[in-house]
Amino acid sequence: MYPSVAGAIGNTPLVDLPKISELAGGRIIAKLEYLNPGGSKKDRVARQIIEDAEREGVLQPGRTVVEVTSGNTGTGLAIVCATKGYPFVAIMSQGNSVERTRMMSALGAEVIIVPQCTGSIHGQVSGADLALLEEECARIVRERNAFRANQFYSTSNFRAHYLHTGREILADASCTLDVFCDFVGTGGTFAGCAAAFKEADPLTRCYIAEPENAPALSGGCITDSRHRIQGGGYAIRELPMIRREQVDGFIQVNDADAIEWSRKLARLEGIFAGFSAGANLTAAARLLGSDFHGKTCVVIIPDSGLKYMSTDLW
Ligand code: PMP
């Protein structure tokens, strides 16, 4: 029994995906992060940011918390802030799905929706859209003396996955982890898990998945930064959290493959997840279909398919 629902964050199950594995040509094991209370892995980051800030004395009782979010971090923060009594303001792009807005509002958050740039498409949040969100967030910090959770820069984001997600996987996996791949947003999941895995076994190979038309982290040409894989792929060239020596390679994924693998995951394995789960499986299948044939690949299932009922994923 936990003192609050925040205690129920983490310790998610690690499961085999036998049918998906057969299609991919190796073994894929998956950490079911959609089973967190807010329906995503970002609950962990939210709790870590708030608890670290409390410990460091930068977050005093009653201070407003603010964050730019595609919805998942915001939902996590809304949950943690509700349990601890902090007012929470979420700055979101109009381009993200409506379920997330409603869920955050239901959890007591004030949600500010920022219109997209001209030329941006609903469901596809671009780097330029993100810049608008930053401006709005800076205004709230200024006007309300708010604490900015700052997931792109906070070491708590890394720590959430290094201390918990990665180590939980290591504790639960009864096999060698040959390879890990992850579709990157802030890079917190990749960086934290890669650090934990490589510490346990330096031979574990870690790959970043990024959008085919915006392979920014691998230094490729950005032909179109719009894509449908919500939660990441922001076409940012450098992410503060990512340590280059922990990146063994990059895999480019496209919307159609990500969608197809998300649908297969639901149909074949009974796991109802979002776009980025499909992106992770696309990358895993690519790796197991080539250099890592017959090996074991671990992936994160970042969030729930329920967050995308208003999209054509389903
Ligand atoms: N998928 C989803 C659904 C997400 O919400 C996020 C985080 N915004 C990511 C992937 C990327 O995770 P990270 O920020 O840890 O790189």
Side-chain angles (χ1 to χ4, degrees), residues 30-36 38-46 48-49 67-78 90-93 95-97 99-100 103-104 123 125 129-130 133 149-166 180-196 206-211 216-217 227-236 238-243 246-247 250 253 255 258-259 261-262 265 271-283 299-308 311 313:
K31 178 90 166 146
L32 305 187
E33 287 295 297
Y34 72 101
L35 295 176
N36 278 302
S40 93
K41 64 180 182 177
K42 301 299 274 198
D43 287 4
R44 295 174 181 274
V45 175
Q48 196 78 40
I49 288 175
E67 183 60 321
V68 168
T69 170
S70 64
N72 283 334
T73 304
T75 302
L77 283 167
I91 317 278
M92 265 188 91
S93 169
N96 287 125
S97 56
E99 291 85 340
R100 298 156 181 247
M103 192 167 172
M104 279 189 280
V125 178
D129 291 330
L130 277 183
L133 302 180
N150 224 356
Q151 54 171 326
F152 275 87
Y153 294 93
S154 168
T155 51
S156 306
N157 182 353
F158 168 85
R159 282 160 50 79
H161 297 294
Y162 173 65
L163 297 174
H164 303 291
T165 320
F180 163 61
C181 53
D182 197 49
F183 183 75
V184 162
T186 63
T189 311
F190 176 86
C193 290
C206 299
Y207 285 75
I208 283 178
E210 53 180 0
L217 289 163
H227 63 82
R228 307 208 41 215
I229 310 166
Q230 292 190 39
Y234 298 124
I236 301 170
E238 286 295 332
L239 290 169
M241 224 90 64
I242 303 234
R243 285 165 51 195
Q246 292 186 331
V247 185
F250 298 86
V253 298
D255 293 353
I259 290 167
W261 279 104
S262 288
L265 183 65
I271 294 171
F272 193 56
F275 288 95
S276 62
N280 289 345
L281 290 175
T282 304
V299 296
I300 305 289
I301 304 301
D303 70 353
S304 168
L306 290 173
K307 300 194 181 218
Y308 305 95
T311 77
L313 179 56

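Nothing here was measured: the structure is a model prediction, and the numbers come from that model. Whatever order the structure lists ligands and atoms in, that order sets their numbers, starting from 1.
- Not a single heavy atom of Gln151 sits closer than 4.0 Å to an atom of ligand 1.
- Ranking the protein heavy atoms by distance from atom 5 (O) of ligand 1 puts Asn72 ND2, 2.8 Å first.
- Checking Asn157 against Thr186 by side-chain atom types alone, a donor-acceptor pair falls below 3.5 Å.
- When only interatomic distances are considered, the shortest N/O to N/O separation between Thr186 and ligand 1 falls below 3.5 Å.
- Residue Phe190 places every heavy atom at 4.0 Å or more from ligand 1.
- Between Tyr308 and ligand 1, not a single N/O pair is under 3.5 Å apart.
- Between His161 and ligand 1, no pair of N/O atoms sits closer than 3.5 Å.
- Taking every heavy atom of Gly188 and a limit of under 4.0 angstrom, the matching atoms of ligand 1 come to 15 (O), 16 (O).
- Side-chain N/O atoms of Arg100 and Tyr308 include a donor and acceptor closer than 3.5 Å.
- Close approach of ligand 1 to Asp303 is summarised as follows: ligand atoms under 4.0 Å from at least one heavy atom of the residue are 3 (C).
- The OG1 atom of Thr311 sits 4.0 Å away from the CZ atom of Phe275 when rounded to the nearest 0.5 Å.
- Taking only non-hydrogen atoms, the option from Gly192, Gly274, Gly231, Gly187 nearest to atom 8 (N) of ligand 1 is Gly231.
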